[in-house]
Amino acid sequence: MTQQARDALLDGLNPAQRQAVEHVDGPLLIVAGPGSGKTRVITHRIAYLNRHVGIGPGRIGAVTFTNRAAKEMRTRLEHLLGDRARYVSAGTFHSLCAQILRRDGKAIGLPPEFVIMDDDDQLGLIKRAMVICEVDPKKFPPRSILSAISSAKSQLLTPEGLAQRATGYYDEVVRRIFIEYQTLMSRSRGVDFDDLLSRTIELFRESPEALAKYQERFIHLMVDEFQDTNVAQYEIAKQIAGKYRNLAVVGDPDQSIYSWRNADIRNILSFQKDFPGTVVVNLSQNYRSTSNILNASRKLISANRHRLEQDLFTDNEEGAKIIIAEAYNEDEEAQLVLQEVERLTREEDFKLRDFVVTYRVNAQSRALEEACLRYGVPYKLVGGTRFYQRREVKDLVAYLRLLQDPYDEPSLIRVINVPVRGIGKRSIDDLIAWAGSLSIPAYAALQLLAGDGTEALDGARDTDTSPFSPRQRHQLVGFLKLINDLQACLPDMELPELIDEVLTRSGYRRSLLDSEEPDAEDRLDNLREFRGVSADWVGMPSSESLQPFLENAALVSEQDAIVEDEQQYLTLITLHQIKGLEYPVVFITGVEDGVLPHTRSLDDPDQLEEERRIAYVGMTRARKRLYLLRSFRRRLFGAPTGNPPSRFLRDIPEELVEAAATRARATGGGLRAPGSPGATPASIVDDGPIVQAGPPPFRAGDKVSHASFGQGIVVNCLAKPGDYEITVAFKGQSGIKRLLHSFAKLESAQTPPSPKVVAEPISEPFEG
DNA sequence: GGTTTTCACGTTACG
DNA sequence: CGTGAAAACC
């Protein structure tokens, strides 16, 4: 690498960033504040390692929090390394471990065809384990048992280890279920996400050869979002870096928001002890936010008692003040957001994709979605029920998993009666019990049943031990035949074809088509989409593609697929998921005691500190503008509640805040600056004058078109203070929508009856 | 065994 | 309020 090339790589970096890039020998801890260019530092460091130090890209490992971050990293690396970027191993701990175990798991008795179990599978096994242990699920909710087990596992505790720490009856219950759960899990050759980690550690412990292999494989290892790693993950990093000690971790303790998922912030503290001679680099300059936003965020987070002070600063301009506003209820809160979005897109140079609306709990998205629909604003809801989590998708995946590995018991149980085929709870329980008594998997028991069954059905002879009536047996054998027949298709079909075959032969598609349920149509759409995803694996028989396809489905969440596209839409996302992203304009809604901080955290100081970090993460996403909204009343679980303003608001210095309340009074309730035009919220009862916005722009029967909803016919045009609410019946999927005239860009689809009005429908609603 | 009704419950979510 | 799972019913 020439000196010039090296300079180019370091060009534009501040001294601390430079130091982090250039320190390539030995352990490194980077404490990176928000917006400090941490991603840039990581990618440049990798490029530097490769091009300047000469480490092959295949021997550099980068562990990220999400697959999305890994993908992003690879994209950035391509600019620096070109083709070589492909060889950098970037992924999550889980994907890394899955690969290691597929390859070398045999050394600890793990068959390469193990199945990765997700939360639902886990819960199912927990419930069954509880039945076996005779534990009442009413007294011990399966979910909390599961989280206790998962917590133990991610701290690398075995049931025995748990017993030693046991403090009471509850731990004993957990211990017993834990043991049973692991038995059930291994019987179906399953591995949960915690096992992926702990079994990798086990492999490294049992097989020095395997450990040595991966120590050589990853001469350099980097871990991003280190504050959100758990004990097991850190252990893996320590093992792999055990030989060369080239471990670089990057994190920000103030952004640790996953302790409830067993992330252990102590990892950061123990790092320097575990790796003596660690070089610590602080990235303190913020390149993202205005100084107002950064200073407000710093003030907020400095109220936390347990933390290390970071001297964050920025050279960015002061920028607009932070706007804090109160709405009457959550609908109005959403309306304020949308009005402000509308105003900023109109008056300033913001595009829809520059905005994000973020909130503490998913339930808050509803009001926002409705407001978006009303305003005709396209939006993207991030999260919610994830694609692979949808029932129909999981059903189909279960079928496919069953074809790949018929001993996958959770999958078998999931679909044995889906669609209903006369195998009820009783039969399933009997089957499991019978298989258990023979110490064989349920699928093997079915085969046994089929083998003996034909005679028994014909000759009414019943010499075997199975507990089934002829009818039950018939149904069960029928299901077995379905699976076996489908399995026979594997070598001859490509994946999409196979999926069609599964849906048809199983009767799944038929049952959805015949279904009366209103969402049956959506389900079919989802299945179609799923088949679409499988089209990436064409060109080989599904006997080969099924395994990698399912692995991908288990390890990759749909969150990875988002953003990227050029589409203009408003993003709705939770505060947890927004970590790592940035937007020019950020709205945080529900800044109330009880929501942010959440009710469940109010009485625990540690949890309250985490809530504060959540708020901090949200605020520091903003580059130019930050809005903190709350509402006076909020419907939670149907019951209306009134939450006081968030205690966090008191930590934000007044001089950084726009006096929104005063302004709101002066202008009749909106967020706009005094004197600037904008629509008055219809539902705010205030003493501002009611202004009507000119003559009705449309009449019932007018044909109109809308950028996202297409063509439609106006059904009604209702006067609102300062605006018109237009009800339109759109063609196709969109259906009936109520849109506000001032914002929805409705265009007349035919020669307008009064061109004056229609030609300029949006810009100045007050000029009537 | 399948369908309907009632009931309880409700934070955040990476892989 | 909305959902999913257990209980009650057919």
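Every chain is numbered from 1, with letters handed out A, B, ... down the list of sequences.
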At 4.0 Å (heavy atoms only), tell me whether [X] reaches a base, stays on the sugar-phosphate, or touches nothing.
| X | result |
| --- | --- |
| A:S427 | sugar-phosphate |
| A:F193 | base |
| A:K138 | sugar-phosphate |
| A:Q472 | sugar-phosphate |
| A:Y258 | sugar-phosphate |

**OP:** State whether a side-chain donor-acceptor pair under 3.5 Å links A:T229 with A:E225.
**Re:**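 Checked: A:T229/A:E225 side chains show no N/O donor-acceptor pair below 3.5 Å.
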**OP:** Using the salt bridge (Lys or Arg N to Asp or Glu O under 4.0 Å) rule, take A:K425 and A:D429 through it: C-alpha gap first, then chi angles, then the decisive distance, then the call.
**Re:** CA-CA 6 Å; A:K425 190 176 184 314; A:D429 287 348; 3.1 Å; yes
**OP:** Answer yes when A:R102 and A:E551 have at least one side-chain N-carboxylate O distance shorter than 4.0 Å, and no when they do not.
**Re:**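 The answer is yes: the pair qualifies as a salt bridge.
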Original post:
Between A:E409 and A:R128, is the closest basic N to carboxylate O distance under 4.0 Å?
Top reply: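 Yes.
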Original post:
Between A:D192 and A:A363, which has a closest nucleotide on DNA chain B that is more 5'?
Top reply: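 Checking each residue's closest nucleotide, the 5'-ward one belongs to A:A363.
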Original post:
Given that A:L575 and A:R426 both sit by DNA chain B, which one's nearest nucleotide is further toward the 5' end?
Top reply: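 Here A:R426 is the residue nearer the 5' end.
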**OP:** Taking the six-membered ring for Trp and the full ring for Phe, Tyr or His, determine whether the centres of A:F549 and A:F530 are under 6.0 Å apart.
**Re:**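 That pair passes the under 6.0 Å test.
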**OP:** Can you figure out which of B:dC14, B:dG1, B:dG2 approaches the side chain of A:N417 most closely?
**Re:**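 Within the option list, the nearest is B:dG2.
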Name the pairs: protein N/O against N/O of nucleotides 9-11 of chain B, kept only if under 3.5 Å.
unit_1: B:dT11; atom_1: OP2; unit_2: A:R600; atom_2: NH1; d: 2.5
unit_1: B:dT11; atom_1: OP2; unit_2: A:R600; atom_2: NH2; d: 2.8
unit_1: B:dT11; atom_1: O4'; unit_2: A:H598; atom_2: NE2; d: 3.1
unit_1: B:dT11; atom_1: O2; unit_2: A:R360; atom_2: NH1; d: 3.1
unit_1: B:dT11; atom_1: O2; unit_2: A:R360; atom_2: NH2; d: 2.2

Side-chain donor/acceptor pairs under 3.5 Å, residues 193-201 of chain A, sequence neighbours excluded:
unit_1: A:D194; atom_1: OD2; unit_2: A:S150; atom_2: OG; d: 2.8
unit_1: A:D195; atom_1: OD1; unit_2: A:K153; atom_2: NZ; d: 2.8
unit_1: A:D195; atom_1: OD2; unit_2: A:K153; atom_2: NZ; d: 3.3
unit_1: A:D195; atom_1: OD2; unit_2: A:D192; atom_2: N; d: 3.1
unit_1: A:S198; atom_1: OG; unit_2: A:D194; atom_2: O; d: 3.3
unit_1: A:R199; atom_1: NE; unit_2: A:E202; atom_2: OE1; d: 3.2
unit_1: A:R199; atom_1: NH2; unit_2: A:I108; atom_2: O; d: 3.3
unit_1: A:R199; atom_1: NH2; unit_2: A:E202; atom_2: OE1; d: 3.4
unit_1: A:R199; atom_1: NH2; unit_2: A:E202; atom_2: OE2; d: 3.4
unit_1: A:T200; atom_1: OG1; unit_2: A:L196; atom_2: O; d: 2.6

Original post:
Is the NZ or CZ atom of A:R217 positioned over A:Y214's six-membered ring, under 6.0 angstrom from the centre and within 45° of the axis?
Top reply: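 Judged by the rule, A:R217 and A:Y214 form no cation-pi pair.
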Original post:
What is the 5' to 3' range of DNA chain C, first to last nucleotide, that sits under 4.0 Å from any heavy atom of chain A?
Top reply: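 Range of nucleotides touched by chain A: C:dC1 to C:dA7.
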